[in-house]
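Quick notes on the structure that follows.
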Protein chains: 2
Amino acid sequence: MDNPLALKLSSFTDLSGGDLAALDAVIGTPILRDAHSDLIQDGERPEKVILLLRGWACRYKVLEDGSKQIIAYLVPGDLCDPHVFILDAMDHSIGLLTDAALAFISRDAIIHLTDCCPKIARALWWSTLVDEAVLRHWLVNLGQRDAFDRVAHLFCELWDRLRQVGLKEDDELEVPLTQEQIGDTMALTTVHVNRVIQRMRTEGLVSIKRKKIRVHDLPRLRELCGYDPSYLHLRRRSQL
Amino acid sequence: MDNPLALKLSSFTDLSGGDLAALDAVIGTPILRDAHSDLIQDGERPEKVILLLRGWACRYKVLEDGSKQIIAYLVPGDLCDPHVFILDAMDHSIGLLTDAALAFISRDAIIHLTDCCPKIARALWWSTLVDEAVLRHWLVNLGQRDAFDRVAHLFCELWDRLRQVGLKEDDELEVPLTQEQIGDTMALTTVHVNRVIQRMRTEGLVSIKRKKIRVHDLPRLRELCGYDPSYLHLRRRSQL
DNA sequence: CGCTTCATTGACCCAAATCAATCTACGTGG
DNA sequence: CCACGTAGATTGATTTGGGTCAATGAAGCG
């Protein structure tokens, strides 16, 4: 299966052949975009739903004083706001962190998809609820945890999310983020992110290869920061 | 109109008489509960959707080390997670901050309501998207703003949300929260919240009457903290 | 080879935390 | 009616995690 959305939704529900075909149909020809371009900007009115097929993106908000907060990461298989048409205008931007392949899905196609395939509708709901749970978890991170635990939690979460869409077969995680981006995510300065990662490195938890951070020792990282992945709701509700 | 949910949804869409009747029907006899009790706890599986009719509640998460983060406030008219049945278990708790009146709505009643009344279904969707926008805004607050601005933003938001459900006719806002609760919300210690509020008091922005904080000078508070309420999406999308 | 983008390091600073008392207003039982 | 207990608000002294500022590497690239 090379449709990361289908793969992600499958981790929640059993999709039929028809469901899978419907999910493939909405994608069409992938559109390629370069890193650092914005998919949609704060204040714009979205006309399409964006599905990320390859690469990484993020939601972010820039304040008047120039400070920036990354609000969420989008990885392959993530669909931004299937029901965003209801609102008037975006209250944040979505930008690409890497080169990416995208599918732009029209409002009508989304409506058709959910009307035809109740399982998909339900699975998209689930996905939306998980996105919200992740947001709540980030809020708890920023509010209550120190710098080390914040960064460690981020790595643990990305590990689990990438594994869910089949992008992690090995036992290492490669993080394609600059230390500045990690800082904008966890509300730390580049300098401090660097010091945290230094510490992780001297403790043998991560290493740097070609400017990319690699996480080796996930079990110990999890234990050190008290990570509990239940908020990702990776298991489906038993009776469904 | 004494149904705060109907009032809230009306601010987004025009509800018919039938819609209003349907919304009244799901409420039934309000249930009274005392402050400080939990409506649902972390790890439990919700069986009913909770509608808050009177009083204040909050979502919160307690960490292993005992620290607590308030994740959201629920005020009259707020419905928690209309689609929470999809998930396996709660990843946070919901507790009452004041004495309250509630309606517990069954899963079937929610499904019936949304199946019969497409306008209500859409308005509930809108409400869910606004909740998520508020959460994103809080994340930006915790990550990028200093103590004064965080507390000021909270007051401004509560002002707008209460006005939306008809609980604010005068030009003052009474905040029924302890300084400790404000601290747990904005990730500050009680001591520091107190100092921030002292400052607001000496600058004539708020006052304390009978242990309740009262906000007088909203315009200046808004200006001082750079508050922009667009994230609450109080205006409906024009063409709907 | 010179840019440019990231990563790294050191010296110093500050907003907010911590610790530790008070103070105040209620509410309650006697 | 009052002494007492308790939750919450205040205040002061001190500490600290992380920020700020300012260079210095180091790798990739046109």
Side-chain angles (χ1 to χ4, degrees), chain A residues 34-37 56 63 65-70 95-99 141-154 174-202 206-214 225, chain B residues 34-36 56 63 65-70 95-99 141-154 174-202 206-214 224-225:
Chain A
D34 290 340
H36 310 303
S37 61
W56 288 43
L63 301 190
D65 68 352
S67 62
K68 178 173 172 180
Q69 176 68 48
I70 292 177
L96 286 182
L97 296 166
T98 66
D99 293 346
N141 273 190
L142 287 203
Q144 305 300 328
R145 291 192 230 265
D146 67 14
F148 184 96
D149 286 1
R150 296 217 281 263
V151 175
H153 265 257
L154 177 63
E174 189 176 300
V175 180
L177 303 171
T178 66
Q179 297 184 4
E180 185 180 7
Q181 287 160 347
I182 294 172
D184 287 342
T185 308
M186 289 299 146
L188 299 166
T189 56
T190 319
V191 174
H192 205 67
V193 170
N194 186 273
R195 294 202 242 259
V196 165
I197 286 174
Q198 291 297 316
R199 179 145 79 90
M200 289 181 174
R201 196 147 50 153
T202 59
V206 309
S207 69
I208 312 281
K209 289 210 185 103
R210 299 172 40 73
K211 290 209 173 192
K212 295 274 164 51
I213 299 160
R214 281 168 177 276
C225 70
Chain B
D34 290 340
H36 309 304
W56 288 44
L63 300 189
D65 68 352
S67 62
K68 179 174 171 179
Q69 176 68 48
I70 291 177
L96 286 182
L97 296 166
T98 67
D99 293 347
N141 274 190
L142 286 203
Q144 305 300 329
R145 293 192 228 266
D146 68 14
F148 184 96
D149 286 1
R150 296 217 281 264
V151 175
H153 264 258
L154 177 64
E174 187 177 301
V175 180
L177 302 172
T178 66
Q179 297 185 4
E180 185 180 6
Q181 286 161 348
I182 294 172
D184 288 341
T185 308
M186 288 300 148
L188 299 166
T189 56
T190 319
V191 173
H192 205 66
V193 170
N194 185 273
R195 294 201 240 258
V196 165
I197 287 175
Q198 292 296 318
R199 179 145 80 90
M200 289 181 176
R201 195 146 51 153
T202 60
V206 308
S207 68
I208 313 281
K209 289 206 186 107
R210 297 175 38 72
K211 290 207 173 191
K212 296 274 165 48
I213 299 160
R214 280 167 177 277
L224 280 174
C225 72

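Here the structure is a predicted model, which means the values were calculated and not measured. Here is the naming used below: chain letters follow the sequence lines, and residue numbers restart at 1 for every chain.
Rounded to an integer number of Å, the gap from CD1 of Ile197(B) to P of dA9(D) is 8 Å. One interatomic measurement links the two molecules: CE of Met200(A) to C1' of dA7(C), which rounds to 16 Å at whole-angstrom precision. One atom, CD of Gln179(B), and another, C1' of dT24(C), lie 13 Å apart when rounded to the nearest Å. Atom CZ in Arg201(A) sits roughly 10 Å away from atom P in dA7(C) (whole-Å rounding). Residue Asp184(B) contributes atom CG, which lies 14 Å from atom C1' of dG8(D) at whole-angstrom precision. Ile208(A) places its CD1 atom 14 Å from the P atom of dC6(C), with the value rounded to the nearest Å. Atom-to-atom, NZ of Lys212(B) to P of dC26(C) comes out at 10 Å; the value is rounded to the nearest Å. Put simply, CD on Glu180(B) is 14 Å from P on dT10(D), counting in whole angstrom units.
Helix bend of the helix from dC1(C)-dG30(D) to dG30(C)-dC1(D): the angle between its two end axes, each built from five pairs, comes to 40° after rounding to 10°.
Here Asp65(A) pairs with Leu63(A), Ser67(A) under the side-chain contact (heavy atoms from CB on, under 4.5 Å) rule; sequence neighbours left out. For Arg214(A), the salt bridge (charged side-chain N to carboxylate O under 4.0 Å, His left out) partners at least two apart in sequence or on another chain are Glu172(A), Glu174(A). Shown here are the side chain to side chain donor-acceptor pair (under 3.5 Å) partners of Thr98(A), two or more places apart in sequence or in another chain: there are none.
In this structure, Ile197(A) and Ile208(A) have side chains that are in contact, with non-hydrogen atoms separated by less than 4.5 Å.
Judged purely by atom type and a 3.5 angstrom limit, Arg145(A) has no side-chain atom pairing as donor or acceptor with the backbone of Arg150(A). Under the 3.5 Å distance criterion, the side-chain polar atoms of Asp99(A) are left unmatched by any main-chain donor or acceptor of Asp34(A).
Regarding contacts with the backbone of dA7(C), every side-chain N or O of Asn194(A) stays at 4.0 angstrom or more from both OP1 and OP2.
A distance of 11.5 Å separates CD in Gln144(A) from CG in Asp146(A), rounded to the nearest 0.5 Å. One distance of note links OG1 of Thr178(A) with CD1 of Ile213(A); it measures 8.5 Å at 0.5 Å rounding.
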In residues 184-192 of chain A, what donor-acceptor pairs under 3.5 Å come from side-chain atoms, sequence neighbours left out?
| unit_1 | atom_1 | unit_2 | atom_2 | d |
| --- | --- | --- | --- | --- |
| Thr185(A) | OG1 | Tyr73(A) | OH | 2.4 |
| Thr185(A) | OG1 | Gln181(A) | O | 2.7 |
| Thr189(A) | OG1 | His192(A) | N | 3.3 |

- Note on the structure: Contact string for nucleotides 13-30 of chain D, one letter per nucleotide 5' to 3', B = base within protein heavy-atom range under 4.0 Å, S = sugar-phosphate only, - = neither, reads B----BBBB------S--
